[in-house]
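Quick note on labels: first sequence line is chain A, next is B, and so on, each numbered from 1.
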Amino acid sequence: MVNRHIVGAHYGLKDWLAQRVTAIYMALFTLVFAVRLSCLPELDALAWQGLFASPFTRFFGFIFALSLFYHAWVGVRDIWMDYVKPPGVRLALHLITLLLLIGYAGWAVHILWRP
Amino acid sequence: MTEAIVSKPAARPRPKYLNAVRIRLPLPGIVSILHRVSGAGLFFLLPFLLCLLDKSLTSFSEFVEIVSHPLVKLLLLGLLWAYLHHFCAGIRFLLLDVHKGLDLPCARRSSYIVLAVSLALTFIIGVKLW
């Protein structure tokens with residue numbers, strides 16, 4: 001038997017949870033990154049680019065980027081749902097937001113994994 | 001019918017619509033709307049931030065040239081505040097989610113702390129990086 005929640009208290013729970021999980025990950029990443037930055041002897045090209053050449057920064061930075069884009073999707077979609085009532089306009093804004101974020105994800109991969 | 005209305009005026013005129021300029025938000029409300037505004041600002045300037053990160057990793061001298069412009073510095077200072085406010089207010093909301101600090105005095109105090117800490121951090125980091 002398929003037990004689907006079309007309406008009711010569980011509707012949107014997945015996004016609600018994802019918004020919080022991504023927020024916690026990003027907060028932890030931010031703190032660790034801030035500590036690593038403050039440990040650099042000098043904030044110059046060599047140190048900055050060295051930081052991003054590390055496989056750790058690439059791996060966890062990529063997860064940060066994905067978290068950011070998913071988090072932004074939930075938040076920005078909430079804004080459109082609150083303020084934009086005409087269904088056509090709202091759908092268009094949702095699509096533009098989604099496509100932009102997917103594009104940014106590709107861009108982030110390109111930035112992080114450039115040789 | 002009309003006489004009844006005339007003889008008994010409403011004690012307080014009730015607002016017919018929400019006037020965003022005349023509403024006086026309580027402190028937790030201000031933190032909440034700024035959380036939304038800062039989030040929206042960060043989203044709209046994501047391409048700019050990705051561009052800067054890209055530049056900083058390919059040509060650091062060009063990156064330095066861009067961020068040396070006073071207007072860009074001002075914009076980045078605004079984005080720094082947006083990130084820090086979103087960060088601090090977000091932690092407050094996560095605590096409220098797990099029922100920490102729900103009573104009114106506590107909620108007011110934590111709103112004040114969020115506003116103050118994010119502004120103070122913006123100032124400290126801003127001065128360091130300017």
Side-chain angles (χ1 to χ4, degrees), chain A residues 16-17 19-31 33-34 37-38 43-53 57-58 61 64-65 68-83 93 96-98 100-101 103-115, chain B residues 18 20 32-68 79-80 82-100 114 117-118 121-122 124-125 128-130:
Chain A
W16 180 89
L17 196 61
Q19 192 177 36
R20 277 141 185 88
V21 171
T22 51
I24 292 167
Y25 176 81
M26 286 190 287
L28 293 176
F29 182 93
T30 303
L31 292 178
F33 195 77
L37 264 186
S38 60
L43 199 56
D44 55 7
L46 204 67
W48 177 254
Q49 288 170 1
L51 198 60
F52 277 87
T57 311
R58 288 179 174 181
F64 177 86
L68 176 67
F69 300 141
Y70 197 162
H71 189 88
W73 162 240
V74 177
V76 174
R77 194 197 50 184
D78 280 352
I79 293 180
W80 299 141
M81 287 198 294
D82 277 353
Y83 304 125
L93 287 169
I96 291 168
T97 307
L98 196 58
L100 276 176
L101 288 171
Y104 294 161
W107 194 1
V109 170
H110 173 74
I111 291 172
L112 285 171
W113 262 288
R114 195 171 8 228
Chain B
L18 293 176
S32 178
I33 193 65
L34 286 178
H35 190 241
R36 174 160 279 195
V37 170
S38 57
L42 287 165
F43 168 73
F44 282 113
L45 288 165
L46 263 180
F48 171 64
L49 290 172
L50 281 166
C51 222
L52 278 185
L53 180 61
D54 203 348
K55 266 275 170 284
S56 75
L57 296 177
T58 48
S59 158
F60 202 78
S61 53
E62 272 182 63
F63 166 76
V64 170
E65 208 173 299
I66 296 170
V67 298
S68 299
L79 284 172
L80 178 66
Y83 193 87
L84 289 167
H85 179 84
H86 208 81
F87 184 98
C88 296
I91 288 171
R92 177 172 175 272
F93 288 137
L94 284 172
L95 290 174
L96 292 178
D97 276 348
V98 291
H99 303 282
K100 289 265 185 294
V114 164
V117 167
S118 51
L121 281 176
T122 308
I124 293 167
I125 301 173
K128 226 174 149 73
L129 292 180
W130 188 268

Option in A:L112, A:D78, A:T30 with maximal non-hydrogen atom pairs under 4.5 Å from chain B: A:T30
Are any of the side-chain heavy atoms of B:L53 and A:F52 separated by less than 4.5 Å? yes
Could you tell me which portion of A:A72 (side chain, backbone, both or neither) has an atom closer than 4.5 angstrom to a non-hydrogen atom of chain B? side chain
Quick one: are B:F44 and A:L100 in side-chain contact, heavy atoms under 4.5 Å? no
Is it the case that the side chain of A:Q49 and the backbone of B:S59 share a donor-acceptor pair, with hydrogens and angles ignored and the cut-off at 3.5 Å? no
Side chain / backbone / both / neither for A:D44 at chain B, heavy atoms under 4.5 Å: backbone
Does the side chain of B:H86 come within less than 4.5 Å of A:H71's, by heavy atoms? yes
Just wondering, do B:D97 and A:W16 contact through their side chains at under 4.5 Å, heavy atoms? yes
I need the A:F69 CZ to B:F43 CZ distance, nearest 0.5 Å. 10.0 Å
Which residues, numbered in order, of residues 33-40 of chain B come under 4.5 angstrom of chain A by heavy-atom distance? B:I33, B:R36, B:A40
Between B:V64, B:I91, B:T58, which has the largest tally of heavy atom pairs under 4.5 Å with chain A? B:T58
Heavy-atom distances under 4.5 Å only: say whether B:C51 touches chain A with side chain, backbone, both or neither. both
Can you say whether A:L101 sits under 4.5 Å from chain B via the side chain, the backbone, both, or neither, judging by heavy atoms? side chain
Taking it one step at a time, do B:L129 and A:L43 satisfy side-chain contact (heavy atoms from CB on, under 4.5 Å)? CA-CA 10 Å; B:L129 292 180; A:L43 199 56; 4.2 Å; yes
Approximate separation, where rounding is to 0.5 Å, of A:R114 CZ and B:D54 CG: 4.5 Å
Which atom names give the shortest non-hydrogen contact between A:I111 and B:L50, and what distance separates them? CD1-O, 3.4 Å
Apply side-chain contact (heavy atoms from CB on, under 4.5 Å) to residues A:L46 and B:F60 and explain how you reach the verdict. CA-CA 9 Å; A:L46 204 67; B:F60 202 78; over 6 Å; no
Part of B:S61 lying under 4.5 Å from any heavy atom of chain A: neither
Could you look at B:Y83 and say if it's the side chain, the backbone, both or neither that has a heavy atom under 4.5 Å from chain A? side chain
Looking at side-chain heavy atoms only, is the closest gap between A:L68 and B:L46 below 4.5 Å? yes
Heavy-atom closest contact (A:W48 atom, B:S56 atom, distance): NE1-OG, 2.8 Å
